[in-house]
Amino acid sequence: MPVNRPPPALEKAKRIKLLDIVVISIVAVVIIAIYYRVEHVLVYRWNWGLVFEYFVRIDEATGDILPNLFLKGVAMTLRLAFWGTIIAAVIGIVMGLCRVSNSLFLKAVSRLYVELIRNIPPVVFIFVFYFFISSQIIPLLGLDNIAYTASPNTIAVLEVLFGPIGLFTNFLAGLICLAVFEGAYITEIVRAGIQSIGKGQWEAARAGGLSRFFVLRDVILPQALKTILPPLASQFIILVKDSSIVSLISVQELTFLTQDVSNTTTQFFESWMLTAALYFMMCFPLAMLFQRFERTGLGIQKH
Amino acid sequence: MSNSEASHFLQIKGLGKWFGQFCALWDINLEVNSGERVVVCGPSGSGKSTMIRCINLLETFEAGEILIDGEKLVNNPKKILAIRRKVGMVFQNFNLFPHITVLQNLMLGPIRNLNLSKSEAAETAMKYLEKVQIPEQAKKYPSQLSGGQQQRVAIARALCMNPEMMLFDEPTSALDPEMISGVLDIMVELAEGGMTMIVVTHEMGFAKQVADTMVFMDHGEIVEVAPPEQFFTNPQSDRSELFLSQILSH
Ligand SMILES: Nc1ncnc2c1ncn2[C@@H]1O[C@H](COP(=O)(O)OP(=O)(O)O)[C@@H](O)[C@H]1O
Ligand SMILES: [Mg+2]
């Protein structure tokens, strides 16, 4: 029997080397220099305290601690991201399936949708589409009446899910814009995933007597899912960041409210640096989480 | 066996097939009786796969017609499902579904097309896994099997639909040499059981053993149809003679 010899210890790359110290020093010097220039050349007065006040506020009458603009913005951004992902995923799956369907018409619709959105700047799309939905679709839904007809409990639940009831149509407009926009990218992800499955699988499934529906459901989609999930996860993170574009149509999410804070306080640098940190804190953990899923394979059979 | 129209299980009349401008099949005529074993051979690219893929409508065709059980093939989803119940197919590259177990591979068609219950489908699946002599592999995934075992699973998968005819497209071409005989044995057994079969293969030993009819194709056409005794000893066309000399020379 061979002796069980331990493997040679590999040198870990964890020790800090001279080069690392040099790089870190340079970065530190640059940051300090910028800070110095902002303060002394632009004669900018840093006031982080003032900006931090916009996290929570104390209700003067009751003494309750209430969320202020930053937290409200984060909440709204998270709502947009959550519902936006669900709706965009549904749009993406439906349009992705249209793209690989037999019907020339459905293929054309899906292609047109994807190409339109990919070839128009997001900002322009948002304005055009917002005009369309706010004037055409939302009045049709008659949502403005909900605030007057629903019970207080229903309203409380709705407010957690969709934000302040008064801003509901505003939120919905932003949500639809965002979902339609991101849905185009998810369509492409779904299409690529389905098309990554070899012709042989389609043929074997069809020759085995499966209808088109079951070919997709039982054979193609379960396999395509492995290809689809990693880019879908990245797209979700992109969606969180992209949600800031709906600030352009006055949806009161983090970016929009940061403009408020920076205008009222005139502490421009602090407000936006703080918001950058808040976006980072939303996206980075998600990225880590998805990376972990990818390593562990999301519990999907690896065969 | 009588030669009357009624007893032909499969009739191909004037079949023509184009890929764009390229004519892959031209004026194919072939009749196959119930229980008949037809072996198709010919050079690579001669249209053998394309022809048998037309029979279960994996390919559409532009000219001619195909009748199965006297009924004309039409491109209509319901009819296609019925055809695929009657005609099973085995591919060169097995094409097992890699994300589900061997047993689930076998159960899918019967559940989705024959509307069997799960337990009925599992029972059928085990029956055919025993027939191809690998019941112990039922719970494994296709990637855990050897090529020969995978091809046997593919044969069992087609048999689970209880087809009246089986199409084989070079079923041993992708196999390591030591795996080939195991798969051919299964096919011989199937032939002896009376299955109607069309087999595209270059295994001439197998052809001599089971074929009732040899079909030789070249350049999208059927060049010769003959009983094996005649085909192997006295081919009627130069092209089949050349092909045979090439394939039997080593
Ligand atoms: N999907 C396709 N598109 C274009 N040409 C094809 C396609 N499938 C097959 N062909 C062509 O048709 C001819 C016959 O192919 P095939 O039936 O696969 O031949 P064989 O099985 O006899 O080797 C070949 O020349 C091949 O290149
Ligand atoms: Mg071929």
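These numbers come from the heavy atoms of this one structure, side chains and all, not from hydrogens, waters or symmetry mates. Numbers restart at 1 for each chain; the letters A, B, ... are given by sequence-line order, proteins then strands.
- Within a 6.0 Å radius of CD in A/Glu115, other residues, nucleotides and ligands contribute more than 12 heavy atoms.
- Comparing B/Leu81, B/Val87, B/Ile83, B/Asn56 by heavy-atom pairs within less than 4.5 Å of chain A, the highest count is held by B/Leu81.
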| Is there a side-chain contact (heavy atoms from CB on, under 4.5 Å) between B/Met89 and A/Glu203 once you walk through the steps? | CA-CA 10 Å; B/Met89 181 149 186; A/Glu203 290 182 347; over 6 Å; no
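- In this structure, chain A has no heavy atom under 4.5 Å from any part of B/Leu114.
- Taking every heavy atom of both residues into account, B/Arg157 and A/Ala204 meet most closely at NH2-CB, 3.5 Å.
- Between A/Leu210 and B/Leu108, the closest side-chain pair of non-hydrogen atoms falls below 4.5 Å.
- Within the 4.5 Å cutoff, no side-chain heavy atoms of A/Lys226 are placed close to those of B/His99.
- Only the side chain of B/Phe91 comes within contact range of chain A, with heavy atoms under 4.5 Å apart.
- A 6.0 Å sphere centred on NZ of B/Lys79 holds no more than 12 heavy atoms belonging to other residues, nucleotides or ligands.
- For chain A, no part of B/Arg85 is nearby; none of its heavy atoms comes within less than 4.5 Å.
- Within 6.0 Å of the CZ atom in A/Phe105, the count of heavy atoms belonging to other residues, nucleotides or ligands does not exceed 12.
- The number of heavy-atom neighbours closer than 6.0 Å to CG of A/Leu104, taken from other residues, nucleotides and ligands shown, is 12 or below.
- Of all non-hydrogen atoms in A/Gln223 and B/Pro98, the two that sit nearest each other are OE1-CG, 3.2 Å.
- Annotation: the span from B/Ile100 atom CD1 to A/Asp218 atom CG amounts to 7.5 Å, rounded to 0.5 Å.
- Within the model, atoms CD1 of B/Ile80 and CZ of A/Arg206 stand 7.5 Å from one another, a figure rounded to the nearest 0.5 Å.
- Checked by atom type and distance alone, the side chain of A/Gln201 pairs as donor or acceptor with a backbone atom of B/Leu96 at under 3.5 Å.
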